[in-house]
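Comments concern the structure below.
Start at 1 and go down the list; that is how both ligands and their atoms are numbered. Residue numbers count from 1 along this sequence. Everything quoted here is computed from the prediction, not taken from an experiment.
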Amino acid sequence: MSVSRGGFSSRLGFIMAAAGSAVGLGNIWGFPTQTASNGGAAFVLVYLVLAFSLAYPAFMAELLIGRYGQANAVSSMQKMSRNLWQKRFAFFVGFGGIICAALILSFYGILAGWMMSYAIEPIARLIGLTEVSTWLTSQSIARNLVFSALFMMLTIAIIRRGVEDGIEKWSKRLMPMLIGLLILLIIYVFTLEGAKEGFEAYLNPDISRIFEPDLLISALGQAFFSLSLGTSVMIIYGSYISKSENLVTLGAQVTLIDVSIAFLAGLLIIPAMYVAQAQGVAIFAEDGSLISGPNLVFDILPTLFNGMGAVGIFVAFGFFVLMSIAALTSSISMLEGPVSFVVERHNVERKKATTLIGLGILAMSSLIVLNFDLLFGLVISISTVYGQPLIAMFCCVFVGWIWHRSEILAEIKQGNESVENSLFWKIWPWYTKLVCPLAIGAVFIHSL
Ligand code: PHE
């Protein structure tokens, strides 16, 4: 294992990095899209409940594993194991999470590449490069390869610098920019005609839909994706937190930021759709549901921006820069999972490991781009529909059934002396032991 593994230098550094991982395309694109296709506010309500009742406890389990182990996901979990079978199980879960992170990055990099090309497009238009502008916004293998590569280069450049100089420094720079941009865009959209109607559609729940199984499954999947669970990412970020920090509050703060930004993103996107409608754009599909998926971000919103005249160029630029930043603070966490494993277990130097693994994942992205119809959806479902819930469930099983309760308490007590008498300690242990694995398992089986 490397002698000095680095760590976050401050509480704020951790919060920005972990929130940076959590807040990504999942919040700003996935959440509003799912809200639009699942009955608006009913989805928002279910999401909020599931995020705090199931995702937060599982998130705490992963953070704790990492801080206890002070190492990559596999080593951390093996440290808690007491016999050979447990060690094997630890390897399976830890390594499974690492593979999951790599798979997610391989498709996420393509999506992030689209965001970057759409961010550059308004500039091309502004300086009169019409052909370039058309190339940037039309689907082509060349464009997808170029922009996935550019995005991966940025991710590699940050991770090569390590935890404090790379992850922490850049998350601290990018996250406030992201929040600022998001708020500016919301304020702007609210001044436009039609926004009020969108606001009402977003906040008035259709209670009858709340218990629909499909809605529950989508909301839970969204919450797990958003908190980056089941990917080893939060284990490794947990391992970089100082032992003097109170994990219970840190975890809650990160969850709160993540959920709030998803909520804010809905407040931007859904009203923006209704503004588009007021300008004559069709926002409902033939079956009467709100248009969602890629069309929402790459058709409806650009049409809206174009309709705004000169200012639209800047709004479009701001929006897609926002998307690109959100993606970058998430992608660095996905790369850190596999990199920390190779650096610590195989004694490879960080810069070298980062470049090699980053290029390997880029090769996978290129393969997906070249066989898009076959691989894109497949990789997404293997990693997010099957991989993430399963690995997250196993992490809860590990903490609930294999790790000794007294050892867990000793770990949480560091930085939180009075935790034993808190509500958290009364609920969380049995919750992680029983409720989380059962609930995740039930939803998982249903989704099959
Ligand atoms: N949470 C990120 C998002 O919402 C995605 C992510 C998944 C990041 C898994 C890291 C690991 O976009």
Please could you name the atoms of ligand 1 that [X] approaches to less than 4.0 Å, counting only its heavy atoms?
{"X": "Thr231", "value": "9 (C), 11 (C)"}
{"X": "Ser21", "value": "1 (N), 2 (C), 8 (C), 10 (C)"}
{"X": "Asn27", "value": "4 (O)"}
{"X": "Ala22", "value": "1 (N), 2 (C), 3 (C), 4 (O)"}
{"X": "Ser226", "value": "1 (N), 4 (O)"}

Under 4.0 Å, heavy atoms only, figure out whether ligand 1 is touched by the backbone of Phe225, its side chain, both or neither. both
Contact region, Ser333 to ligand 1, non-hydrogen atoms below 4.0 Å, reads side chain
Which residue owns the protein heavy atom closest to atom 8 (C) of ligand 1, what's the atom, and how far is it? Ser228 OG, 3.3 Å
Please list the nearest protein heavy atom to atom 12 (O) of ligand 1 with its residue and the distance rounded to 0.1 Å. Tyr108 OH, 2.7 Å
Using ring-ring contact (aromatic ring centres under 6.0 Å, His included) as the criterion, point out the one residue from Tyr240, Phe8, Tyr237 that pairs with Phe14. Phe8
With no hydrogens and no angle check, do the side chains of [X] and [Y] hold a donor and an acceptor under 3.5 Å apart?
{"X": "Ser239", "Y": "Arg67", "result": "no"}
{"X": "Ser75", "Y": "Asn72", "result": "yes"}
{"X": "Trp114", "Y": "Asn144", "result": "yes"}

Quick one: CD1 on Ile445 to CD1 on Ile440, what's the gap to the nearest 0.5 Å? 12.0 Å
Taking the six-membered ring for Trp, is the centroid-to-centroid distance between Phe305 and Phe317 below 6.0 Å? no
Please determine whether salt bridge (Lys or Arg N to Asp or Glu O under 4.0 Å) holds for the pair Glu164 and Lys169, giving the CA-CA distance in whole Å, both sets of side-chain angles, and the decisive distance to 0.1 Å. CA-CA 6 Å; Glu164 205 181 321; Lys169 196 192 237 167; over 6 Å; no
Hey, does [X] come in under 3.5 Å of ligand 1, counting only N/O atoms on both sides?
{"X": "Gly26", "value": "yes"}
{"X": "Leu25", "value": "yes"}
{"X": "Gln388", "value": "no"}

Lys/Arg-Asp/Glu bridge criterion (N-O < 4.0 Å) met for Glu349, Arg160: no
Heavy-atom gap Trp29 to ligand 1 smaller than 4.0 Å: no
Look only at the side chain of Tyr202 and the backbone of Thr35, and say whether a donor-acceptor pair between them is shorter than 3.5 Å. no
